[in-house]
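Scope of the values below: all heavy atoms of this structure, side chains included, with no hydrogens, waters or symmetry mates. Below, chain A is the first sequence line, B the second, and so on; all start at residue 1.
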There are 2 protein chains.
Amino acid sequence: MAKATRPSERREEALSRERIVAAAIELLDDEGDNGLTFRGLATRLATGSGALYWHIANKSELLSAAADAVVDRALSELRPARDPREAMRDVALGVYDAIDAHPWVGAQLSRAPWGTAVLRILERVGRQVQALGARGGAQFTAASTLLTYIIGGSIQNAANGRLLDPSVNRADFLDTVSTRWQQLDPNEYPFIRNVVAVQLPTHDDRAEFLAGIDLILAGIATSL
Amino acid sequence: MAKATRPSERREEALSRERIVAAAIELLDDEGDNGLTFRGLATRLATGSGALYWHIANKSELLSAAADAVVDRALSELRPARDPREAMRDVALGVYDAIDAHPWVGAQLSRAPWGTAVLRILERVGRQVQALGARGGAQFTAASTLLTYIIGGSIQNAANGRLLDPSVNRADFLDTVSTRWQQLDPNEYPFIRNVVAVQLPTHDDRAEFLAGIDLILAGIATSL
DNA sequence: ACCTGAACACCGTTCAAGT
DNA sequence: ACCTGAACACCGTTCAAGT
């Protein structure tokens with residue numbers, strides 16, 4: 001009657017879809033978008049590359065599962081908010097921060113716009129739109145405008161981050177870009193020169209992102 | 001004194017950066033995002049793959065040049081508009097339609113958020129924001145909100161298109177998605193079930209995109 | 001100066017063979 | 001049932017050799 005199996009020694013447990021997805025997330029976080037290869041993943045999991053195909057169909061399914069896991073976690077960590085306006089900002093920032101921390105998720109969301117991750121974000125956004133008082137077709141328009149902005153802004157922010165070596169600091173980078181843009185042709189690029197280049201060094205991406213949410217919410221409010 | 005060179009017979013002219021970029025655009029349009037390979041491009045241009053590297057540094061530069069060319073053409077085709085509001089809608093739709101016709105451009109814009117193409121779109125957007133009467137920091141916020149929405153919405157629309165085989169028609173696809181979504185758990189996805197799934201079959205992506213622009217413009221108007 | 005195409009160091013995916 | 005790892009059909013990029 002004694003148990004035949006021992007509590008796992010130092011060796012790895014069996015492969016499973018969950019372990020593979022978790023390892024894929026680690027690999028993507030460590031090495032970036034191009035860091036995920038079946039060979040690298042197999043090495044991390046101390047197995048052969050073919051073994052992975054027993055548990056997942058292909059790379060696209062793996063990426064999709066990894067992105068879903070990140071988005072699910074981010075959405076489940078949202079705390080109850082005081083009012084719909086605050087709830088909307090929390091959803092937006094939750095997605096923004098998740099993609100900032102896992103930049104590869106952004107590309108995945110735009111590759112799979114009908115997938116579970118996007119669906120869950122849209123559900124959250126939509127509920128707040130309803131709570132704000134939108135009716136009929138305006139609900140759909142308001143929710144999809146916010147969804148587009150939230151995903152678009154999160155992706156663009158994450159792309160910025162990926163361009164910088166960890167060695168260059170952000171302020172120096174923005175100064176360099178700002179200087180370059182102030183030398184653009186004043187006839188061709190007046191707005192970039194006089195407005196964007198000037199404000200670039202002191203602006204806060206996350207605060208600007210949130211200001212955009214507020215602008216859209218203000219627009220929604222005018223049609224209630 | 002007679003000219004030694006003949007007018008080009010039937011054979012190809014010499015390679016050049018422009019010819020390579022033009023062929024790359026054709027290839028991307030015909031075969032999609034993954035269709036661009038140096039071997040395929042070399043075959044189209046009747047040359048060796050290594051020859052391309054004499055004119056362009058690498059694939060990333062090639063993609064970037066191709067996307068710039070598409071965006072430049074789209075922006076240069078914009079007709080003068082009656083007022084800043086209409087001009088803004090024209091810019092937004094110009095980008096939207098260009099990325100709809102060349103879906104691979106979307107991914108490139110989010111890969112190079114400080115590149116020439118994005119810069120030119122932002123310049124156009126910014127000028128209209130100024131013409132609408134925004135001042136100081138509000139100009140920057142309004143322009144970057146619109147930029148984010150325009151690029152994000154164009155990318156998401158293009159991603160939708162890529163998912164469909166040309167064989168399936170759009171209405172059937174939307175019906176299928178709508179039906180599937182109406183069967184989601186009513187406790188977990190009330191908004192998707194009751195609002196999104198219901199409106200999906202009859203909605204018009206391009207009109208919804210434009211409605212989002214109007215929503216943001218309404219938001220901007222409240223702070224003037 | 002410009003072009004050729006083989007070679008190098010990778011990929012994702014498949015599949016016979018093992019346990 | 002699950003795992004192994006060689007094999008296949010690709011990639012981007014380099015570079016000696018040609019013109």
Side-chain angles (χ1 to χ4, degrees), chain A residues 4-6 8-67 104 107-108 111-112 162-163, chain B residues 4-6 8-67 104 107-108 111-112 162-163:
Chain A
T5 57
R6 302 262 191 74
S8 67
E9 311 272 346
R10 277 242 138 249
R11 66 188 286 281
E12 306 283 358
E13 310 97 90
L15 277 180
S16 68
R17 190 184 155 90
E18 294 77 49
R19 288 195 62 223
I20 293 173
V21 170
I25 292 175
E26 274 183 41
L27 199 49
L28 285 160
D29 288 347
D30 291 353
E31 319 264 350
D33 250 323
N34 299 328
L36 181 64
T37 68
F38 277 77
R39 283 169 180 80
L41 193 54
T43 305
R44 272 204 188 208
L45 291 164
T47 184
S49 62
L52 304 173
Y53 284 87
W54 188 263
H55 301 275
I56 43 144
N58 50 44
K59 188 167 184 174
S60 144
E61 192 195 294
L62 179 56
L63 268 167
S64 166
W104 50 272
Q108 184 50 31
R111 231 175 277 133
R162 240 173 314 166
L163 295 181
Chain B
T5 58
R6 302 261 193 76
S8 67
E9 311 272 347
R10 275 240 142 250
R11 65 187 288 281
E12 305 283 359
E13 311 97 89
L15 276 179
S16 68
R17 190 183 155 90
E18 294 78 50
R19 288 195 62 222
I20 293 174
V21 170
I25 292 175
E26 273 182 41
L27 198 49
L28 285 160
D29 287 347
D30 290 353
E31 319 264 350
D33 249 325
N34 298 328
L36 181 64
T37 68
F38 277 77
R39 282 169 179 79
L41 194 54
T43 304
R44 272 203 188 209
L45 291 163
T47 182
S49 62
L52 305 172
Y53 284 88
W54 187 263
H55 301 275
I56 44 143
N58 50 43
K59 187 168 185 173
S60 144
E61 192 195 295
L62 179 56
L63 268 167
S64 165
W104 50 272
Q108 183 50 32
R111 230 174 280 133
R162 242 174 315 168
L163 296 180

Q) Given the rule that a pair is Watson-Crick or G-U wobble with both distances under 3.5 Å, how would you write DNA chain C in dot-bracket, using | for pairs to a different strand? A) ||.|||||...|||||.||
Q: Can you tell me the distance, in whole Å, between the CG atom of B/N34 and the C1' atom of C/dC11?
A: 13 Å
Q.
The side chain of B/W54 is closest to which nucleotide in this list: D/dT13, D/dG5, C/dA1?
A. C/dA1
Q. Any sub-3.5 Å donor-acceptor pair from B/S64's side-chain atoms to B/S60's backbone N or O?
A. no
Q: Give the rounded distance in Å between these two atoms: CG of A/L52 and C1' of C/dT13.
A: 11 Å
Q.
From C-beta outward on A/T37, which listed nucleotide comes closest to its side chain: C/dC11, D/dT13, D/dA6?
A. C/dC11
**Q.** Spacing between B/R17 atom CZ and C/dC2 atom C1', to the nearest angstrom
**A.** 17 Å
Q: Specify the separation, in whole Å, of atom CG of A/N58 and atom P of C/dC15.
A: 15 Å
Q) Roughly, in whole Å, what's the span from OH in B/Y53 to P in D/dC15? A) 12 Å
Q: Examine distances only and state if a side-chain atom of B/K59 and a backbone atom of B/F38 form a donor-acceptor pair shorter than 3.5 Å.
A: no
Q | Atom-to-atom span, CZ of B/R39 to P of C/dC10 - whole angstrom | A | 15 Å
(Q) Can you tell me which nucleotide in D/dC3, C/dC3, C/dA6 comes closest to the side chain of A/L15? (A) D/dC3
Q) Please walk me through it: do A/D30 and A/R44 pass salt bridge (Lys or Arg N to Asp or Glu O under 4.0 Å)? A) CA-CA 12 Å; A/D30 291 353; A/R44 272 204 188 208; 2.9 Å; yes
Q | Gap between atoms NE2 and C1', on B/H55 and C/dA1 respectively (whole Å) | A | 10 Å
